[in-house]
Amino acid sequence: MLFSSLILMITLQNPSVPTIDVREAFQQMQKRDVLMLDVRTLAEWNGELGHVENAVLIPVQELAARLDELEKYKGKTILAICRSGNRSGRAAALLNQRGFKAFNVAGGMIKWNAEKLPVVREDNQ
């Protein structure tokens with residue numbers, strides 16, 4: 001119930017940002033060439049929730065200044081993920097405004113872990 005309310009609140013805050021469920025995001029990664037963009041901090045990336053294998057880390061507060069690093073992905077779908085879906089929603093909105101095709105991964109790494117999808121953690125490396 002709390003999680004559903006959180007997702008609804010995020011969607012209402014920025015209804016123009018396309019979202020994707022974590023399971024669908026995982027399936028997209030298996031089927032085709034997409035970029036998983038993690039917009040959390042380095043500490044979160046290395047933290048208890050881990051990160052998605054082959055994801056690219058660019059913290060949301062650095063994203064606008066580092067957009068040139070993503071130019072090579074302009075023809076691909078970008079799946080933005082964070083801890084819960086809030087920062088990645090802002091990141092997806094920015095990317096879409098700049099001509100990228102980006103989706104917010106609803107529920108973020110909290111939901112990714114809850115669905116028991118594969119993650120990379122420091123203890124796995």
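Throughout, numbering of the chain's residues begins at 1 and tracks the sequence.
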Before you tell me yes or no, could you show the steps for Ile81 and Met36 under side-chain contact (heavy atoms from CB on, under 4.5 Å), namely the whole-Å CA-CA distance, both residues' side-chain angles and the distance that decides it to 0.1 Å?
CA-CA 7 Å; Ile81 194 165; Met36 179 66 77; 3.6 Å; yes
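- Note on Val56: it does not cluster hydrophobically with Val52, by side-chain heavy-atom contacts below 4.5 Å among ILVMFWY residues.
- In this structure the side chain of Thr41 reaches within 4.5 angstrom of the side chain of Gln61, judged on heavy atoms.
- Salt-bridge check for Glu71 with Arg98: failed, with every basic side-chain N at 4.0 Å or more from each acidic carboxylate O.
- Checking side-chain atoms of Asn113 against main-chain N and O of Leu49 turns up a donor-acceptor pair under 3.5 Å.
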Could you give me the CA-CA distance, side-chain angles and deciding distance for Val17 and Phe103, then say whether side-chain contact (heavy atoms from CB on, under 4.5 Å) is met?
CA-CA 7 Å; Val17 176; Phe103 292 82; over 6 Å; no
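- Residues that satisfy the salt bridge (Lys or Arg N to Asp or Glu O under 4.0 Å) test with Glu62, not counting sequence neighbours, are Arg66.
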side-chain contact (heavy atoms from CB on, under 4.5 Å) evaluation trace for Leu37 with Leu63
CA-CA 10 Å; Leu37 177 65; Leu63 185 58; 4.2 Å; yes
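- Residues Phe100 and Leu94 fail the side-chain proximity criterion, which asks for heavy atoms closer than 4.5 Å.
- Within the 3.5 Å criterion, the main-chain N or O of Arg40 finds no donor-acceptor partner in the side chain of Arg87.
- Using a distance-only test at 3.5 Å, with no hydrogens or angles considered, no donor-acceptor pair links the side chain of Asn104 to the main chain of Asn86.
- A donor-acceptor distance shorter than 3.5 angstrom exists from the side chain of Asn96 to the backbone of Ala102, with no hydrogens or angles considered.
- Side-chain contact between Val105 and Thr19: absent, with no pair of heavy atoms (C-beta onward) separated by less than 4.5 Å.
- Rounding to the nearest 0.5 angstrom, the gap separating the CG atom in Leu35 from the CG atom in Leu79 is 7.5 Å.
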Criterion side-chain contact (heavy atoms from CB on, under 4.5 Å) on Trp45 and Asp38, from CA distance to verdict
CA-CA 8 Å; Trp45 168 275; Asp38 195 317; 3.6 Å; yes
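- With a 4.5 Å cut-off on side-chain heavy atoms, Lys111 and Val22 count as touching.
- Arg83 contributes atom CZ, which lies 7.5 Å from atom CD of Glu44 (distance to the nearest 0.5 angstrom).
- With Val39 as reference, Val60 is the one residue of Ile58, Val60, Leu57 to meet the side chain to side chain contact (heavy atoms under 4.5 Å, CB included) rule.
- Remark: side-chain polar atoms of Trp112 are paired, donor with acceptor, to backbone N or O of Pro118 under 3.5 angstrom.
- Cluster annotation: Tyr73 is not connected to Met29 through the hydrophobic network of ILVMFWY side chains, with a link wherever side-chain heavy atoms come within less than 4.5 Å.
- Under the 4.0 Å criterion applied to side-chain N and carboxylate O atoms, Glu115 and Arg23 are assigned as salt-bridge partners.
- Note that the CE atom of Met109 and the OG atom of Ser88 stand 11.0 Å from one another [nearest 0.5 Å].
- Residue Gln28 is tested with Arg32, Lys31, Gln30 for a side chain to side chain donor-acceptor pair (under 3.5 Å); the sole match is Arg32.
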